[in-house]
Amino acid sequence: MYQFKRSTDLKKHLDLVRKSNKSIGFVPTMGALHNGHLSLIQAAKEKTDVVVCSIFVNPTQFNDPKDFEKYPITVEDDIKKLNSVSTDILFLPSVEEMYPEGLESDLHYDFGNLETILEGKFRPGHFQGVGRIVHKLLDIVQPNQLFMGQKDLQQCLIVRRLLAITHSPVKLVVCPTEREKDGLAMSSRNARLSPAARKKAPAIYQALLEIKNNFGKGLHFLEGAHEAFDALKKQGFEPEYVDILQLDDDMLHPLDQPPGNATVVVALAAWLDGVRLIDNLILQGNL
Ligand code: AMP
């Protein structure tokens with residue numbers, strides 16, 4: 001696996017790749033890699049000739065400085081994992097490399113209501129930071145296809161919007177959420193759960209499944225979201241939202257009438273043991 005810390009070196013290398021008519025797949029990550037990340041690399045390997053993975057813990061997308069400080073860094077281990085799935089290139093830039101202009105910026109992307117609901121509501125500024133770093137990374141890598149996880153559904157929609165705003169030719173491929181055997185969505189943050197909290201955490205997936213089971217049995221399934229919120233609270237979680245939304249023109253809207261054929265999703269965020277966990281399920285349609 002080639003490793004690059006400087007964008008100029010990576011760009012030179014990728015120019016040669018493009019000259020040899022090979023397609024480029026890109027998987028941006030923040031490291032502390034798990035099988036969810038590796039499933040994206042595998043999807044990229046199936047669909048493109050040369051796969052670039054980046055590891056960069058992006059400071060501008062952390063609205064909570066404590067979360068940034070506590071974010072796990074396991075680069076040695078990550079390199080082993082990336083080698084195990086035959087990743088072609090790792091891009092491992094520094095903060096200075098990605099933000100020579102400094103972290104403050106007047107840049108503003110118009111993400112519409114995507115920025116004010118769900119994660120946007122509880123993590124102000126988060127998606128501007130995501131937009132800024134993904135835009136920069138795409139300018140450097142210029143992939144043919146970009147691979148992201150449905151686990152971060154709203155992030156996928158934000159990036160889809162970013163691609164539209166910037167008239168980018170890059171194709172976004174949304175890959176399914178990888179789960180532990182007990183249903184907990186894999187996440188770098190799971191490692192921070194205490195053993196007791198780790199045992200409790202799959203209740204999130206169970207709550208989503210229950211909502212999915214009740215979907216299609218009439219609009220009263222919407223009450224299921226409130227019930228799930230209360231039930232999680234009783235179990236010791238601090239839920240932030242359990243919301244059922246409809247996808248229209250790549251925007252999410254609260255569902256308040258029968259959705260017809262529109263794509264419908266349920267999304268959830270809850271704190272457990274000082275760790276913020278998110279998950280979602282598609283109730284009908286696809287992204
Ligand atoms: P992160 O390192 O958390 O920024 O995630 C990097 C990429 O991996 C994003 O596109 C995530 O959506 C994706 N990802 C994270 N967890 C999972 C998972 N459990 N299954 C599939 N993809 C995931």
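Values reported hereafter were calculated over all heavy atoms of this structure, with side chains retained and with hydrogens, waters and symmetry mates removed. As the structure lists them, so they are numbered: ligands from 1, and atoms in each ligand from 1. If you're wondering where the values come from, they're calculated on a predicted model, not measured in any experiment. One is the number of the first residue; the rest follow in order along the sequence.
What sits closest to atom 3 (O) of ligand 1 on the protein, heavy atoms only, is Tyr71 OH, 3.8 Å. The shortest contact between atom 20 (N) of ligand 1 and any protein heavy atom is with Glu178 N, 2.8 Å. Nearest to atom 4 (O) of ligand 1 among the protein's heavy atoms is Met30 CG, 3.6 Å. Remark: minimum distance from atom 12 (O) of ligand 1 to any protein heavy atom is reached at Asp152 OD2, 2.7 Å.
Residue-to-ligand polar distances place Met186 within reach of ligand 1: an N/O pair is separated by less than 3.5 Å. Looking at Ser188 next to ligand 1, no N or O pair under 3.5 Å apart turns up. Taking only nitrogen or oxygen atoms, main chain and side chain alike, His37 reaches within less than 3.5 Å of ligand 1. Looking at Gly149 next to ligand 1, an N or O pair under 3.5 Å apart turns up. For ligand 1, none of its N or O atoms has an N or O atom of Ser187 under 3.5 Å away.
You'll find the ring centres of Phe56 and Phe91 outside the 6.0 Å limit. Residues His126 and Phe62 keep their aromatic ring centres 6.0 Å or farther apart.
Residues Gln246 and Thr263 have side chains not in contact (no heavy-atom distance under 4.5 Å, counting atoms from C-beta outward). Here the side chains of Arg189 and Tyr71 are in contact, with some heavy-atom distance below 4.5 Å. Contact of the Arg179 side chain with the Met186 side chain is not registered, since no non-hydrogen atoms from C-beta on lie closer than 4.5 Å.
Proximity to Leu40 (heavy-atom distance under 4.0 Å) selects the following atoms of ligand 1: 7 (C), 8 (O), 10 (O), 13 (C). Every atom of ligand 1 with a heavy atom of Pro176 under 4.0 Å away is listed here by number and element: 20 (N), 21 (C). Short contacts between ligand 1 and Pro28, defined as distances under 4.0 Å to a heavy atom of the residue, involve ligand atoms 6 (C), 7 (C). Distances below 4.0 Å separate heavy atoms of Met148 from the following atoms of ligand 1: 10 (O).
Using a cut-off of 4.0 Å between Lys/Arg side-chain N and Asp/Glu carboxylate O, Asp15 and Lys19 are scored as not salt-bridged. The existence of a salt bridge linking Glu97 and Lys5 is excluded, since no basic side-chain nitrogen approaches an acidic carboxylate oxygen closer than 4.0 Å.
The proximity of Arg179 to ligand 1, defined as any non-hydrogen pair under 4.0 Å, does not occur for either the backbone or the side chain.
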Fill in: Stepwise side chain to side chain donor-acceptor pair (under 3.5 Å) check, Tyr109 with Glu115
CA-CA 10 Å; Tyr109 298 98; Glu115 212 185 328; over 6 Å; no
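The aromatic rings of His13 and Phe4 lie tilted to each other, with the angle between the two planes from 30° to 60°.
Proximity annotation for atom 16 (N) of ligand 1: of Gln150, His34, Arg189, His34 comes nearest, heavy atoms only.
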